[in-house]
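Beneath this line is the structure, given in structure tokens, with notes to follow.
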Protein chains: 2
Amino acid sequence: MKKKVTLKQLAKELNLSISTVSKSLKNDPEISRKTIVRVRELAKFYNYKPNALAVSLKSSKTKTIGVLLPEILNNFFATALFGIQQEAAKEGYKIVTCFTNESYQKEVDYLETLTYSSVDGIILALSQETQIKNKVSHITELAQDNIPVVLFDRVSDTIQCDKVIIDDYDASKKAVSHLLDSGCKHILVISTIHELSVGKLRAEGAQKVVTAYTGATLSTIEVTQEDEGAKEITAFLKNHKVDGILGFDELSVALAIHIVNAIGKKIPEEIAIIGFSDSTLSRYSSPKITTISQHAEELGSMATALLLKRMNPDTSENTPNFTTKVVKTSLLKRASTR
Amino acid sequence: MKKKVTLKQLAKELNLSISTVSKSLKNDPEISRKTIVRVRELAKFYNYKPNALAVSLKSSKTKTIGVLLPEILNNFFATALFGIQQEAAKEGYKIVTCFTNESYQKEVDYLETLTYSSVDGIILALSQETQIKNKVSHITELAQDNIPVVLFDRVSDTIQCDKVIIDDYDASKKAVSHLLDSGCKHILVISTIHELSVGKLRAEGAQKVVTAYTGATLSTIEVTQEDEGAKEITAFLKNHKVDGILGFDELSVALAIHIVNAIGKKIPEEIAIIGFSDSTLSRYSSPKITTISQHAEELGSMATALLLKRMNPDTSENTPNFTTKVVKTSLLKRASTR
DNA sequence: ATGAAAGCGCTAACAA
DNA sequence: TTGTTAGCGCTTTCAT
């Protein structure tokens, strides 16, 4: 069994003191060239790596970021996570990830676990339950522990911190405008996220555009339970004229596609579909689904970059105020809209 | 700014020694009831939590599991990750996750990062490049560092460790049998994972069944580049009689669905489709796609359970030999097959 | 029943 | 140029 080599062992073998060895490995100029070379050679021979735990204990830095996501079985968050991990790795940071399953209590518990296992900072998208309850003291308290937080996508005005969001309101306007411009008169919005900040913004944006166009009707179906929602949508499509559907989230889009196909309506001739989720489903459906691209990976990497800057501030400048970065979405025109 | 409380501070405030405080918090019987109560009360008052770093340094345990995945934008691995995190959390373990993007070098690098930041164990699915090169010394060497590893899904015979896999060979037989039983005569297999262990096993299984049925033809298209693959599949379907398709992976299934729809063939009447991936695409396609369920979440949680057992062996028993758990897949019959 | 002291592996101020 | 020492926060053995 290969034991991990420590400074102590190197020092002993070289007949030097521990501190000399430590300094040599840092190329400290106060150590002689000759000694440095000797030390580094032996260190390389043994493949010495400093014990990260000891370094962390000493420095109170762990080079670890805590990531708290509402769910992972969701293209958006999975993609964001990917962006986070990639960006973190660039700077030598690791990520510890937990999933709250949209539960407030889990969010509280995991946050505690993360802070007490000493992550240097936290990236977080609020759980649905947290947004509904609007209880965020578990997050604001992090400031007292001096742990920087970056919120992304699911944010809260009550929390003072750096944030990265998309332009939900505008994106939704963009989507509805696209439908109307292509001749849709009767738009149906489907949402499973009406309780979320992003869902509300999207609803407002959609309504805004429709109101501006006289004569147009905006109906909304808020889905809470998948089966019931599916029935409701099916019934609605049978009993109302609908020629365009906007799905606010992955599940809504999936339901829309499935049901429109099931009742035998042609996409986009009879019903156009546009969605907020760029999942495999959207990309490989027939026709391919027009999508608002949320740039999830960029969202993740921007959140990480912000956090890294907050954790390692430029000594030259004074601490900048909290910013909210808004990532512009783009309309990925595909075949499900005219 | 709230500072984290330490034993030292508690001791000072209580006029006790650090060790007494430490023992009290552990309910050490050699400490008087009265003292224990006093200590615990003050600890609760300050919401004392032991510094995880210090504990880890002392105990050489971090309560952290390193997880190395080939990719995350993939329903299978995302689901497995979910299972891993859930199971780990049950025992108070955190997970540090990295994505190799199927790259050997990244796998090597991340593995080094993980081991030197002292994870207690590692859960890993080999990258594609690693399986092709069959270079696994970076993994076998972990044994020398006494870091237990559990491989899942993408495994290697060269590596001696606990493993969790699915019955790829049987699953594939099951899938092909299902197609043949329902009347398919000309089956096309599509695979983007022909270089992977799992892909090879699935290929063997499929071939086996077809060989057993005289007269049936098994054709295979191995897709390396998506666009070219799509063309190849399209051409093949035009020039050959195909009445059943088996997709070995998420992309293959997606391509199959998309192309069959695009060329206007009816599913399942003209072409039946069955796949190995239970993504949103499969579940919300019209018709819904018959799928081999890989029980990804269970795979993840089993891998974690195995690792936990290996890291915290029962003192009563002697160390068990390495095991390979095989998770039985099941056929999720849906509407894309007859 | 309580405390002193050593040590996990490292850094850094200070001494020599 | 090199070494000594103290200390990060905790556990644990061994006094008292």
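Numbers restart at 1 for each chain; the letters A, B, ... are given by sequence-line order, proteins then strands.
One can place CG of Leu7(B) at 15 Å from C1' of dA4(C), the figure rounded to the nearest angstrom. Separating the NZ atom of Lys4(B) from the C1' atom of dC8(D) is a distance of 13 Å, rounded to the nearest angstrom. Between the CG atom of Leu14(A) and the P atom of dT1(D) there is a distance of 18 Å, given to the nearest Å. Whole-Å rounding puts the Lys26(B) NZ to dT13(D) C1' distance at 15 Å. The nearest whole Å value for the distance from the NZ atom in Lys23(A) to the P atom in dT4(D) is 11 Å. A straight line from CD of Gln9(A) to P of dG9(C) spans 8 Å, rounded to a whole angstrom. One interatomic measurement links the two molecules: CG of Leu16(A) to P of dT2(D), which rounds to 7 Å at whole-angstrom precision. In this structure, CG of Asp28(B) is placed 10 Å from C1' of dT12(D), rounded to the nearest angstrom.
Using a 4.0 Å cut-off, no side-chain N or O of Ser32(B) falls inside it from OP1 or OP2 of dA1(C). Between Ser22(A) and dT11(C) there is a side-chain N or O to OP1 or OP2 distance below 4.0 Å. An OP1 or OP2 oxygen of dC8(C) is reached within less than 4.0 angstrom by a side-chain nitrogen or oxygen of Lys8(A). For the pair Tyr48(A) and dG9(C), the criterion of a side-chain N or O lying under 4.0 Å from OP1 or OP2 is not met.
Within residues 52-63 of chain B, the residues having any heavy atom closer than 4.0 Å to DNA chain C are, in order of number, Leu57(B), Lys58(B).
Other residues, nucleotides and ligands place no more than 12 heavy atoms under 6.0 Å from the NZ atom of Lys8(B). Other residues, nucleotides and ligands contribute only 12 or fewer heavy atoms inside 6.0 Å of the CG atom of Asp157(A). Within 6.0 Å of the NZ atom in Lys63(B), the count of heavy atoms belonging to other residues, nucleotides or ligands exceeds 12.
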**Item:** Working for side-chain contact (heavy atoms from CB on, under 4.5 Å), residues Phe322(A) and Lys163(A)
**Value:** CA-CA 8 Å; Phe322(A) 293 128; Lys163(A) 298 168 193 173; over 6 Å; no
**Prompt:** Between Gln131(B) and Ser197(B), is a side-chain hydrogen bond (donor to acceptor under 3.5 Å, both in side chains) present by the stated rule, with each step listed?
**Reply:** CA-CA 7 Å; Gln131(B) 285 209 327; Ser197(B) 55; 2.9 Å; yes
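Residue Ser19(B) places a side-chain atom within donor-acceptor reach of the base of dA4(C), judged by atom type and a 3.5 Å distance cut-off alone.
Taking the six-membered ring where the residue is Trp, Phe152(A) and Phe76(A) present tilted rings, their angle falling between 30° and 60°.
Contact annotation for Thr20(B): base contact, defined as any heavy-atom pair under 4.0 Å involving a base atom.
Mapping Glu30(B) and Arg33(A) onto DNA chain D via the closest heavy atom, the residue that lands nearer the 5' end is Arg33(A).
Glu87(A) and Lys90(A) are joined by a salt bridge, as a carboxylate oxygen and a charged side-chain nitrogen come within less than 4.0 angstrom of each other. We find that Lys325(A) and Glu298(A) are not joined by a salt bridge, their nearest charged nitrogen and carboxylate oxygen being 4.0 Å or further apart.
Using modelled atom types, one finds no donor on one side chain facing an acceptor on the other under 3.5 Å when comparing Tyr46(B) with Gln9(B).
For the helix from dA1(C)-dT16(D) to dA16(C)-dT1(D), the terminal axes (five pairs an end, C1' atoms, rotation from four pairs onto the next four) enclose an angle of 60°, given to 10 degrees.
For the pair Ile139(A) and Leu126(A), the minimum side-chain heavy-atom distance is below 4.5 Å.
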